[in-house]
Amino acid sequence: MADAATSGVRLERADGVATITIDRPQALNALDAPTLRDLARALRDVRRADDVRAVVLTGAGPKAFSAGADIAAMAAMAPGDGHAYSRLGHEVLGRLEELEVPSVAAVNGVALGGGLELALACDLIVAAAGVRLGLPEINLGLIPGFGGTQRLALRVGLARARELVYTGEPVVAEEAHRIGLVNRVVPADRVVAEATALAAALAAKAPVALRQAKRATAMVAADLAAGCRFEVEAFGVTFASEDRVEGLRAFREKRRPAWKGR
Ligand code: CAA
């Protein structure tokens, strides 16, 4: 049953599983502020629906789960706007992470920057074979600003996370599976079906036990909120730098950036 359709996000529910689809394929499902707010509304509807027992999150179109924060929107922002954008992303992805029911990201295409950060806010990740996942923000003169500096390290360990954050190099799904970044890799045409089947299997578990399993395992990252607050500040510093302006401009002009270091 289709529940809601807004400009950038779709919500459907069937058999206890809610499917949220980021629906901006023309911009590779980039997460501009309106899309983040639409996602917040979809999550609110999920929280209010007492028949939803698990959530699947995916992206529309064949190319992208999400290509991350919106580069065109960021290029038009003032130096001081970075904090608010990062805070909005954290707020919405925090709500996703804190859903009482389990969530499964169905990574159907590239998951880069804020797109990977969105998947990292889900409990489990099912990825299509061959898709690239990474945090390329460093190549734009930025750092991950939607929780990636914290949640990636929780999945793959500090050394691996630093390598991905410092180099900005993506990994393909198979490598992502080897390092523990994704739970399962399946053929691209099966990714939503497999993620939905996994979500349905979780939806059939004892709800009280599953809820407590989620709460208890979340305690391994009890200081995540402090780390996320720190990341908002650090993202704000990069956003106010000349390098951020140059990095975003160079991306749009399809050339190598010339860093000034300030
Ligand atoms: N924001 C806005 N628009 C984006 C976008 C983004 N992140 N990524 C792609 N698009 C747009 C492109 O501008 C293009 O639009 P037009 O057709 O109007 O020109 C359209 O989507 C298709 O993109 P490409 O032509 O680039 O497609 P491609 O197949 O050649 O490349 C790609 C695909 C490798 C994903 C490439 O688009 C890319 O590198 N995108 C940027 C990825 C990125 O750097 N993400 C991090 C953003 S910063 C961030 O997320 C910060 C944070 O943590 C808060």
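When a ligand or atom number is given, it counts from 1 through the structure's own listing order. Index from 1, following the sequence.
Within a 4.0 Å radius of atom 37 (O) of ligand 1, the protein has at least one heavy atom. For atom 29 (O) of ligand 1, a protein non-hydrogen atom is found at a distance below 4.0 Å. There is no protein heavy atom less than 4.0 angstrom from atom 17 (O) of ligand 1. Put simply, atom 8 (N) of ligand 1 has protein non-hydrogen atoms near it, under 4.0 Å away. Under the 4.0 angstrom criterion, atom 23 (O) of ligand 1 counts as having a protein heavy-atom contact.
Using a 4.5 Å cut-off on side-chain heavy atoms (C-beta onward), Val17 and Arg53 make no contact. Side-chain atoms of Asp23 and Val9, non-hydrogen and from C-beta on, never get closer than 4.5 Å to each other. Inter-residue side-chain proximity for Leu198 and Asn183 is flagged as unmet; no heavy-atom pair is nearer than 4.5 Å.
Among all non-hydrogen protein atoms, the one lying nearest atom 34 (C) of ligand 1 is Arg132 NH2, 4.0 Å. Looking only at heavy atoms of the protein, atom 32 (C) of ligand 1 is closest to Leu28 CD1, 4.3 Å. Looking only at heavy atoms of the protein, atom 4 (C) of ligand 1 is closest to Ala27 O, 3.8 Å.
Not close to ligand 1: Tyr85, with no non-hydrogen atom less than 4.0 angstrom away. For the pair Gly89 and ligand 1, no heavy-atom separation below 4.0 Å is found. At least one heavy atom of Leu112 sits less than 4.0 Å from an atom of ligand 1.
Residue contact check: Pro144 has heavy atoms under 4.0 Å from atoms 53 (O) of ligand 1. Contact atoms of ligand 1 toward Gln26: 20 (C), 21 (O) (distance under 4.0 Å to a heavy atom of the residue). For ligand 1, the atoms closer than 4.0 angstrom to any heavy atom of Phe251 are 38 (C), 39 (O), 40 (N), 41 (C). With ligand atoms numbered from 1 in the order given, ligand 1 contributes 48 (S) to contacts under 4.0 Å with heavy atoms of Met74. Residue Ala30 has at least one heavy-atom neighbour below 4.0 Å for each of these atoms of ligand 1: 1 (N), 2 (C), 6 (C).
Checking Pro25, Ala111, Pro170, Pro136 against atom 44 (O) of ligand 1, the nearest heavy atom belongs to Pro136. With Glu231, Lys63, Glu117, Lys254 as candidates, the residue nearest to atom 27 (O) of ligand 1 on a non-hydrogen basis is Lys63. In this comparison of Gly113, Ala69, Ala67, the heavy atom closest to atom 45 (N) of ligand 1 sits on Ala67. The option with the heavy atom closest to atom 48 (S) of ligand 1, from among Thr238, Leu140, Asn139, is Leu140. Of the options Thr149, Asn29, Ile71, the smallest heavy-atom separation from atom 1 (N) of ligand 1 is shown by Ile71.
Glu98 and Arg95 are not joined by a salt bridge, as no carboxylate oxygen comes within less than 4.0 angstrom of a charged side-chain nitrogen. The existence of a salt bridge linking Glu242 and Arg249 is excluded, since no basic side-chain nitrogen approaches an acidic carboxylate oxygen closer than 4.0 Å. The residues Arg215 and Glu100 are annotated as not salt-bridged, no charged nitrogen and carboxylate oxygen being separated by less than 4.0 angstrom.
At least one N or O atom of Glu137, backbone or side chain, sits closer than 3.5 Å to an N or O atom of ligand 1. In terms of polar-atom proximity, defined here as any N/O pair under 3.5 Å, Gly114 does make such a contact with ligand 1.
When atom types are taken as modelled, the side chain of Asn108 and the backbone of Gly61 share a donor-acceptor pair closer than 3.5 angstrom.
The salt bridge (Lys or Arg N to Asp or Glu O under 4.0 Å) test with Glu246 is passed by exactly one of Arg256, Lys260, Arg255, Arg262: Arg255. The residue from Val232, Leu88, Val237 that alone fulfils the side chain to side chain contact (heavy atoms under 4.5 Å, CB included) condition with His83 is Val232. Val182 pairs with exactly one of Val107, Leu133, Val126 by the side chain to side chain contact (heavy atoms under 4.5 Å, CB included) rule, that one being Leu133.
Residues Phe146 and Tyr85 bring their aromatic ring centres within 6.0 Å.
Grouped with Leu112 in one hydrophobic cluster are Val110, the linkage being side-chain heavy-atom contacts under 4.5 Å among Ile, Leu, Val, Met, Phe, Trp and Tyr residues. Through direct or relayed side-chain contacts under 4.5 Å between Ile, Leu, Val, Met, Phe, Trp and Tyr, Val220 connects to no other residue.
Residues Leu120 and Val156 are members of one and the same hydrophobic cluster, defined by side-chain heavy-atom contacts under 4.5 angstrom among Ile, Leu, Val, Met, Phe, Trp and Tyr.
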